[in-house]
Amino acid sequence: MFVFRAGAGGARVVGPGVRAWPPWGRWRGVGVGVGTVCGVSRVSVVGLVVVVLATVVGVGVFGRGVARIVATVRVGRPAEAGRLAPVGTRLATLAREVVGHTRFRTRPLVRAAHWVVMVSFPLLLVTLVTGYGQVVDPRFVLPWLGHLWPLEWAVEAFAWLALVGIVGLFVVRLRRPATRRASRFFGSNQAQAYFVEATVAAVVVAVIVLRGLEYALAKQDGSGVASPLHFPLTTWLGEAWAGAATHDLETAVVLTATVKVVVSMAWFVVIGLQPTMGVAWHRFLAVVNVYARREAAGGPALGQLLPIRVDGRPLDVEALEDLPDDARLGAGAVEDLTWKQLLDVATCTECGRCQDQCPAWATGKPLSPKLVTLALRDHAAATAPYLRAARAAAGGDGTPALDDPHAGLDLVGTGVIDPDALWACTTCGACVQQCPVDIEHVDTIVDMRRYQVLMESAFPTELGGTFTKLERQGNPWGLPARARMDWAKGLDVPQVGVDVESAADVDYLFWIGCAGAYDDRAKRTSRAVVELLQAAGVTFAVLGSGESCTGDPARRAGNEILFQMLASANVEALDAAGATRIVVTCAHCFNTIAREYPQLGGRYEVVHHTELLNRLVAEGRLVPAAQDERAHDEPERRVTYHDPCYLGRHNQVYAPPRELLGALPGVELTEMPRHAETSFCCGAGGARVWMEETIGTRISTTRAAEAIGTGAEVVATACPYCTIMLTDGVKAASAGGSPDAPPAVGVPEVTDIALLLLDSVRR
Ligand code: SF4
Ligand code: SF4
C-alpha cells in the first residue's frame, strides 16, 4: 500500500520497497535556503562554479575545433567563381532545403524525426541560456521572452517531439548494424553517433524536467503562470511535483539546470577535440555547405561536369596552348582540392544514404561514396597542418615546399583512395541525389580521375584503347567516320551539306551518336526514330560523317583534354551546320550537348527522342494502334521501364518516357522497386561500358534481375548504352550469371521505347 504524506520535508510517496520521494530530499542539508554564500545557496554556488568551468572549457575547445576546420578548408584551392553569390538566390535555396528537408523525400519517417531534432536544436538553445540563470536563481526567467507563451508552447512541443524523434533515429541506427556491408551505416563511426543522440536525449529530458519543476515552483509561489497556457505539455508533471517542499524544488531546478549545461558543454568539448566528427559538426557546417552548393538555384550537382581550372581560367583548347609547365590538372593531393571540396568532406554526417544507393557498392566493388568522403576528410585533417607549415616555410605564397614529405602526398594508390574504388564509379549520381548535405561526390571523383589520367597516365588498360580510338576515329568503337551513315541504308535520311543546305531549314538536327551509328541494337533505334519522324511529318537532317563522339566517355574517364578537343570540334560542326534544335536518342549525348556544350559556347535546344515522340503522340501526329483493333482476349503486355541515369537523375526527365509507354495500347507499365529518382544504374556510365567489370557482381546483371523480378515481358529503355548493358544483363541474370549464356525461355526482351512505339504505330 502506498501512502502520500505531506510534511515539513515536502510531499512523499512511501510504501514497501519505495524510497522516500522526492529523491533529492537527502540533498536538503545543502539545499537552497539552507546554506547561503552572499545570498546565493551553496548548491547554486557549487553549480555556478561547475557551469562556468564547463562553459569556459566547452567554448574554448569548441572554438579550437572551429579554427581547425576553417584552417583545413583554407588549405584548398579557390573554387570556381560564384560559389557564394547571388546571395538572395542562395539564401532562398538554403531555406527551401533546410525547412523542406528535400533530400529525405523518400524516407518520410526519418525525414520527420530528423526535422524535429534539427528545429529543436536552436530552440532549445534558449532553454540553455535560461539554464545558466536557473543555476543561480531557480526562479530565473529570460527578460521579456521568459513567459511568452508562444515560445513556451514551441519549446515544449519541440522538446517532446525531439525526444520521440531522437528515440526513432536511435532505433533506425540500431536496426542497421554497422557490421553488415548491406547496412548504410557500414563504415560509419557508430559510437560518435550514439554519443550525439544520447546528448540530445539527455538535454531534451532535462528541458522537460525543468519545465515541470518550474510549474511546481510557480504554483507554490501562487504565480498566475502556473497554468496550461504557459506549460501546455508539462502541467501534469508539475502537478505531480507541486506538493514537494519549496527548497527541494529549488534544489532540483539548480541541479537539473547544472546537468543540462554540463552535458551540453561536454558535447562541445568532445566535438571540439574531434574536428572530423561530422555526425556532430554537420549541424553547423551543413548550412554553409548547402549555401555554397554548385547549383545556386537548387537541384543537385549533376548533369554537367565543370572544366578544369588553371590559374582560375577554365581549361579549353585555346588555354592548352599556354599551359604552365608546373600546372597540376585534376586532384592528386589534398592541396589540389578546392575549399568547397574540403568543406564537403568535413560536412559528411556519415548517414550512408549515398552508400545505400551506390550501384558499385551494392554489387561488391570497393567503392562507397561515403567511404571515399570519409577517407578524404580524415586525410585532409591529418595533412592540413603540415601543408600550412610548408606554405609558411615557402614564404606564404600558397605553394607548399616541394621537399616537404606531406605536401603533394598522392590521394590515389597510397592508402587514401583505392584505385579500384576510383575506377568503379559509373557517375550515376545516386550519391549526389541522396546526400542530405549537398556533397558533390561525382565532381570530386572525376577530378581525381583527371589527375590520374593527365598527370600520372595511370588508368585501367582498356581505357588506353578507348582514348586512342576516340583520338583517331572520333568514336569509341574505332570504326571509320565514313561508316557513320551505314545505319541509314535503305532509308531516306537527309544530310546537312548534301541534301539540305542548313539545319535551320528543317525542324530538327537529328544527332545520331556513336552507338546509334555503330551498334547494331542502337542502329535499330535510329532507324525507328527516322520512320516515326517521317510518319509525323517532322523534318530533320543529320550531320553524317561530320559527327564525332560528344566526348562524354573521355570526360567522365578523366581525359578532359580529349573531351575539350572532341567537344570543340562538335560545337564548330553544329554551328557551321546552323543547328539550333537537336533531337538525340542517347542519354549521354543529350546530357553533354544540352548541359556541357554551353561551356564551350554551343547553346542549342536539345530534346530527347522520348520527349519529342511523346509530344507527337499527344498532338495526335503519331497514332499508336487503337485498343479496339486488338483482339479482346489479348492480354496486356507487361513492360517495365529502366531510367537512364543521364536522362533521369542528371536531367530529371522521368515523365515523358512513362507517358509514352502509357499511350501504347495493350501495354501495362510495371515499375521496378528502384525507379525514377532512386533508379539503379545499368553500369555503363562514367566510361565504365569501356572497362572490364571483374570485381563483384556485374551491375547490369543485378539491374536485369530486378527487371525480371517484375514479371515484365519487355524491359523498355531510352538510351543505347542501357540497351547494350541490360541485354547482356538479362542474359546473365536468367542464365545464372554468365553474360554469354543463351537466353532462357521467357526472358524479357530489352528494347528502346521508340521501337515499341513504331511497332504500335505500324499496326
Ligand atoms: S556516382 Fe554512382 S557509382 Fe559513383 S559513387 Fe556515386 S552512387 Fe556510386
Ligand atoms: S556523403 Fe552525404 S549521403 Fe553520404 S554519408 Fe555523407 S552525408 Fe550521408
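Note that the numbering runs from 1 along the sequence shown for the chain. Just so it is clear, the values below take in all heavy atoms, side chains as well, and ignore hydrogens, waters and symmetry mates. Atoms within each ligand, like the ligands themselves, are counted from 1 in listed order.
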Is the CZ atom of R180 crowded by more than 12 outside heavy atoms at less than 6.0 Å? yes
Using heavy atoms and a threshold below 4.0 Å, how should the contact between T349 and ligand 2 be classified: side chain, backbone, both, or neither? both
Side chains of N591 and D552 only: does a donor on one sit below 3.5 Å from an acceptor on the other? no
Flag C425 as yes if one of its N/O/S atoms falls below 2.8 Å of atom 4 (Fe) of ligand 1, otherwise no. yes
Walk me through whether E560 and R555 qualify under salt bridge (Lys or Arg N to Asp or Glu O under 4.0 Å). CA-CA 5 Å; E560 180 68 9; R555 189 170 230 193; 2.9 Å; yes
How about W115 and F104: are their ring centroids closer than 6.0 Å? no
Provide the number and element of each atom of ligand 2 under 4.0 Å from a heavy atom of C354. 1 (S), 3 (S), 4 (Fe), 5 (S)
4.0 Å heavy-atom contact, Q434 with ligand 2: no
Which of the ligand 2 atoms, numbered from 1, are nearer than 4.0 Å to a heavy atom of V437: 7 (S)
A student checking ligand 2 against E350 at a 4.0 Å heavy-atom cut-off should list atoms 5 (S), 6 (Fe)
closest protein heavy atom to atom 8 (Fe) of ligand 2 is C351 SG, 2.3 Å
Element-labelled atoms of ligand 1 that are located less than 4.0 Å from some non-hydrogen atom of V442: 1 (S)
What part of V432 sits under 4.0 Å from ligand 1 if we count only heavy atoms: the side chain, the backbone, both or neither? neither
Measure H441 to ligand 2 on non-hydrogen atoms and call it side chain, backbone, both or neither using the 4.0 Å cut-off. side chain
Report the C-alpha distance between E693 and K365 in whole Å, list the side-chain angles of each, state the deciding distance to 0.1 Å, and finish with yes or no for salt bridge (Lys or Arg N to Asp or Glu O under 4.0 Å). CA-CA 9 Å; E693 192 176 340; K365 319 283 189 288; 3.0 Å; yes
Given the side-chain rings of F467 and F459, with only the six-membered ring counted for Trp, is the space between their centroids under 6.0 Å? yes
Counting N and O atoms only, with roles assigned by atom type, does the side chain of T592 sit under 3.5 Å from a partner on the main chain of H588, one being a donor and the other an acceptor? yes
Quick one: does D643's side chain have a donor or acceptor within less than 3.5 Å of a partner on H675's backbone? no
Between L367 and ligand 1, which part of the residue brings a heavy atom under 4.0 Å of the ligand: side chain, backbone, both or neither? side chain
Please list the nearest protein heavy atom to atom 6 (Fe) of ligand 2 with its residue and the distance rounded to 0.1 Å. C348 SG, 2.3 Å
Looking at ligand 2, is there an atom of it that comes within less than 4.0 Å of some heavy atom belonging to P369? no
Treating Q355 as the side-chain partner and F186 as the backbone partner, does any N or O pair qualify as donor plus acceptor under 3.5 Å? yes
Can you sort out which atoms of ligand 1 are near T427, meaning under 4.0 Å from one of its heavy atoms? 1 (S), 4 (Fe)
Do I308 and L454 touch side chain to side chain, with heavy atoms closer than 4.5 Å? yes
Proximal ligand 2 atoms for K370, defined as those under 4.0 Å from one of its heavy atoms: 5 (S)
Have a look at E350 and tell me which of R377, K370, R173, R184 forms a salt bridge (charged side-chain N to carboxylate O under 4.0 Å, His left out) with it. R377
Identify, by atom number and element, the atoms of ligand 2 in contact range of G352, meaning under 4.0 Å from any of its heavy atoms. 5 (S), 8 (Fe)
for atom 2 (Fe) of ligand 2, nearest protein heavy atom and its distance come out as C435 SG, 2.4 Å
